[in-house]
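It should be emphasised that the depicted structure is a prediction, and the values quoted were computed from it without experimental measurement.
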Amino acid sequence: MNFQFVEKRLIVGLSILAMAVVLNSCGSKNSGGSKTLSSKKGSSGKGILGIGKANKEVPGVQNGEIVATTRKGWSQPTPYGMVLVPSGSYMMGQADEEVSHAGVNFNKRVTVAAFYMDDTEITNHEYRQFTYALLKDSVSVLGEDKIMSEYYPDTTVWKRDFTYHNGDPMTEYYFSSPAFDQYPVVGVSWVASKYFCLWRSKLMNDYRRKRGQFILPRFELPSESEWEWAARGGRASAKYPWGNPYISNAKGCLLANFKPHRGNYDADGYSYTAPANAYDPNDFGLYNMAGNVAEWCEDAYADNAVAVTWDLNTVNKDSDEPRKVTRGGSWKDIAYYLETGTRAYELEQNKRSYIGFRCMMRYLGRPKQN
């Protein structure tokens, strides 16, 4: 027998087997559904040696050994009105190659973990539930003056934001009339939007606790990097949420609510804001990630954000910096502010007729890949 030939074939066979194991482990979809090798210990309901029954009074311990497996009953549901934004890596920053823009926002490769995000901006009717709850349950704690001055939308922004502008109809009806229920809330500060997230989180998790369910992650404002990744909709170098490089489709229809021409706010179909679900969503299913209202982000604004932030789940939390990032541009802005990489800011206590927000929620673990 030719032992050298047998030995060679044996080595080749083992190499192929090893490669198959490695390839099978890469990008594993074993993120919580099926058991891993280590989680099979004690999975028969008996002890490590297959002797005796599990101790029901000490979950995860059998016969003096730790045999804890995944707790049953846990799955992270998609919150109402949200869509799952998958994890990914992209070049954060200006997608345009214009020299005049190059120094405004330098590019940097970052990675973002998966999260849920509201498919629209928070609407007047959604925010109204928040103000109703505060006036009903929190007056004794916060005081009516604080609720009305800090957390209630400031409708006078429609008059104050613009010189010689007749904003009386919007001031009177925008937040109160059913005609605007599905329009994005405005006149809300960064501080108020943060408090809305806390209230929404408590409302949800109090309900789950009463039913013996596991609590879910908090609602939060998206970080600047999360917002930009979501706006791109999976298009790594997209100038706009719908792609490149135009602001209108082949029929000449504008693709967002903004100011396309000097003095012409109505060319896109709306003089002021549009319904929160107007226009087509991007590839992640998110509406109005460009235009309509600019959106508060979690981050404090910094000119050198690229240099001071990390490249994984990037965020700049600086409580001493009153300037907070806004993204996406609004109904009164030119197309430059609609670009996915354009950065802007506003003071955290300021309320504007062109700034709103949407919430996000962390996804725990890694979503299963289709």
Side-chain angles (χ1 to χ4, degrees), residues 81-86 88 90-98 100-101 104-105 107 112 117-124 174 180 182-186 222 224-297 325-344 352-358 360:
M82 287 189 158
V83 297
L84 179 63
V85 177
Y90 72 105
M91 290 298 294
M92 184 178 179
Q94 209 73 38
D96 205 311
E97 295 182 358
E98 292 185 29
S100 60
H101 295 170
V104 177
N105 190 6
N107 296 90
V112 176
M117 194 174 203
D118 283 321
D119 61 357
T120 70
E121 300 125 341
I122 296 298
T123 65
N124 282 319
Y174 188 74
F180 294 106
Q182 298 306 311
Y183 284 62
V185 67
V186 297
E224 189 175 6
S225 60
E226 288 167 340
W227 191 97
E228 185 173 327
W229 170 244
R232 292 176 185 265
R235 300 171 183 250
S237 58
K239 183 176 181 179
Y240 300 107
W242 51 83
N244 295 324
Y246 305 110
I247 55 176
S248 60
N249 61 20
K251 296 181 180 180
C253 300
L254 294 171
L255 298 171
N257 180 20
F258 66 110
K259 182 183 178 182
H261 311 292
R262 178 173 294 181
N264 186 352
Y265 295 85
D266 197 55
D268 51 46
Y270 301 93
S271 298
Y272 292 101
T273 57
N277 63 349
Y279 307 97
D280 291 330
N282 71 2
D283 291 346
F284 285 159
L286 300 168
Y287 293 84
N288 287 305
M289 294 300 286
N292 212 22
V293 293
E295 300 175 14
W296 290 113
C297 291
V325 172
T326 61
R327 285 299 200 106
S330 74
W331 59 269
K332 61 93 182 171
D333 290 317
I334 61 175
Y336 167 72
Y337 291 97
L338 272 61
E339 296 180 20
T340 55
T342 299
R343 309 176 68 232
R352 298 295 187 187
S353 60
Y354 46 85
I355 299 178
F357 69 101
R358 70 180 80 205
M360 60 80 66

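More than 12 heavy atoms of other residues, nucleotides or ligands shown are found within 6.0 angstrom of OH on Tyr90.
Within the structure, ring pair (Phe, Tyr, Trp, His ring centres under 6.0 Å) contacts touching residues 241-261 (residues at least two apart or in different chains) are Tyr240-Trp242.
Residues Ala274 and Tyr279 come closest through the heavy atom pair CB-CE1, 4.2 Å. Closest heavy-atom contact between Ala294 and Ser330: N-CB, 3.6 Å. Contact detail for Ser271 and Tyr265: the closest heavy-atom pair is O-CB, 3.6 Å. Shown here for Thr342 and Arg327, the closest heavy-atom pair between the two residues is O-CD, 3.2 Å.
By the 4.5 Å heavy-atom criterion applied to side chains, Pro260 and Asp268 are counted as neighbours. You'll find the side chain of Met91 stays beyond 4.5 Å of the side chain of Ser237, heavy atoms only. Looking at Asn292 and Pro184, their side chains come closer than 4.5 Å, going by heavy atoms from C-beta outward.
With sequence neighbours excluded, no residue forms a side chain to side chain donor-acceptor pair (under 3.5 Å) with Thr326. Residues passing the side-chain contact (heavy atoms from CB on, under 4.5 Å) test with Ala231 are Trp227, Met289, Thr340, sequence neighbours excluded. Asn282 is linked by a side chain to side chain donor-acceptor pair (under 3.5 Å) to nothing, counting only residues two or more places apart in sequence or in another chain. Qualifying ring-ring contact (aromatic ring centres under 6.0 Å, His included) partners for Tyr270, counting only residues two or more places apart in sequence or in other chains: none. Remark: Tyr174 pairs with Thr273 by the side chain to side chain donor-acceptor pair (under 3.5 Å) rule, at least two apart or across chains. Here Tyr183 pairs with Phe180 under the ring-ring contact (aromatic ring centres under 6.0 Å, His included) rule; sequence neighbours left out. Residues that satisfy the side-chain contact (heavy atoms from CB on, under 4.5 Å) test with Asn277, not counting sequence neighbours, are Thr120, Pro275, Tyr287. Scanning for side-chain contact (heavy atoms from CB on, under 4.5 Å) contacts around Asp280 gives an empty result, with sequence neighbours left out. The side-chain contact (heavy atoms from CB on, under 4.5 Å) search around Arg352 returns Asp161, Glu346, Asn350, Tyr354, Ile355, not counting sequence neighbours. By the ring-ring contact (aromatic ring centres under 6.0 Å, His included) test, Tyr272 is found to be paired with Trp158, His165, Trp331, residues two or more places apart in sequence or in another chain being considered. Among residues two or more places apart in sequence or in another chain, the side chain to side chain donor-acceptor pair (under 3.5 Å) test is passed with Asp118 by Arg200.
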Is there a side-chain contact (heavy atoms from CB on, under 4.5 Å) between Leu255 and Ile247? Walk through the geometry before answering.
CA-CA 6 Å; Leu255 298 171; Ile247 55 176; over 6 Å; no
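Not one N or O on the side chain of Glu121 forms a donor-acceptor pair closer than 3.5 Å with the backbone of Val185.
Salt bridge status for Glu295 with Arg358: present, with a side-chain N to carboxylate O gap under 4.0 Å. In this structure, Asp333 does not pair ionically with Lys259, as no charged nitrogen and carboxylate oxygen lie closer than 4.0 Å.
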